[in-house]
Amino acid sequence: MRPGGLLRASPPAARSIGGWLGNVRAALLSVDGCRICEQLLTEATRIPICNDCLASFRAISDTVCDKCGRPIEGADTSDAEAFVCPTCVNDEWGGYAFERVRSWAIYEGVLVRAILLLKFENIDPLGKLFARWLAQLAMDGGPAFQADVVVPVPLHRQRERERGYNQAALIAKPLAKLLGLPYKSVLLTRIRPRPDKHLLSYDERWESVRGAFATRPGSQVDNLRVLLVDDVMTSGATLDSCAKTLREAGARSVIGLTVARAVLKNAAEHLR
Ligand SMILES: [Zn+2]
Ligand SMILES: [Zn+2]
């Protein structure tokens with residue numbers, strides 16, 4: 001939330017002190033209005049996004065691939081078997097190293113801007129809100145989503161130093177607390193930075209994360225079920241690479257949760 005702005009609140013003439021204090025609090029907290037549409041925030045909230053904008057996020061309600069979590073419109077789910085998308089059925093390319101991934105909403109519109117706020121402005125309350133949604137996803141997922149530790153997808157050390165924080169950690173830390181699990185950002189590290197190029201093709205995405213992660217020397221990963229957390233899943237390359245690294249270090253399984261999911265026009269695009 002941006003600091004500053006003058007507070008203009010009327011004295012508690014005819015109103016109760018409690019109500020007046022509530023209004024003062026709301027005014028203090030919402031002086032800047034919604035950071036996305038700029039309408040005045042009417043509720044006392046530390047999340048700088050109005051309810052209309054929050055309501056515009058499109059939570060994924062379609063049937064999703066049981067493995068990669070990709071929403072499949074009009075999927076035939078008539079048989080009782082879990083639905084698996086063509087990408088995950090086809091194992092010629094080796095398949096994803098994670099057990100399963102779920103995302104809360106489609107990466108589009110207002111949510112893209114909300115994630116940018118988290119990414120570049122360190123808006124902690126937004127991370128907590130996202131964590132609540134992901135906790136719900138994990139609980140809805142039942143036993144398949146039980147884990148032993150929560151780990152954020154790491155940034156390269158240099159990138160984290162420049163930015164001052166890791167946005168995935170802003171989500172993963174409160175999520176661990178909500179799920180009553182240990183938060184272990186120390187388990188995984190990024191040893192090669194993402195290329196500086198702003199937009200990466202799908203091939204470049206896969207290329208840029210191959211071998212980019214490592215478990216920290218001495219970290220105990222053996223037999224752990226790891227819940228890996230990130231803000232957005234695009235091609236799945238990052239989560240796959242992290243999962244591969246953790247599995248190679250002895251993790252029993254890796255489950256991914258992301259706030260948003262970029263829906264590819266052509267699922268085959270990211271197959272190699
Ligand atoms: Zn708004
Ligand atoms: Zn799939």
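All values below come from the heavy atoms of this structure, side chains included, with hydrogens, waters and symmetry mates left out. Numbering of ligands and ligand atoms starts at 1, following listing order.
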Inset, instruction - State, to the nearest 10 degrees, the angle whose vertex is the Zn ion (ligand 2) and whose arms point to SG of Cys88 and SG of Cys68. - result: 110°
Inset, instruction - Take the Zn ion (ligand 2) as the vertex and measure to SG of Cys85 and SG of Cys65; round to 10°. - result: 110°
Legend entry - Electrostatic pair Glu99:Arg225 at N-O distance under 4.0 angstrom: no
Legend entry - Distance, nearest 0.5 Å, that separates OG of Ser185 from CG of Leu155: 11.5 Å
Inset, instruction - May I ask you to check whether Asp231 and Gln167 show a side-chain donor-acceptor distance below 3.5 Å? - result: yes
Legend entry - Angle at the Zn ion (ligand 1) (to 10°), with one arm to SG of Cys53 and the other to SG of Cys34: 110°
Inset, instruction - Mind telling me whether Phe130 and Trp133 have parallel, tilted or perpendicular rings, with 30° and 60° as the class edges? - result: tilted
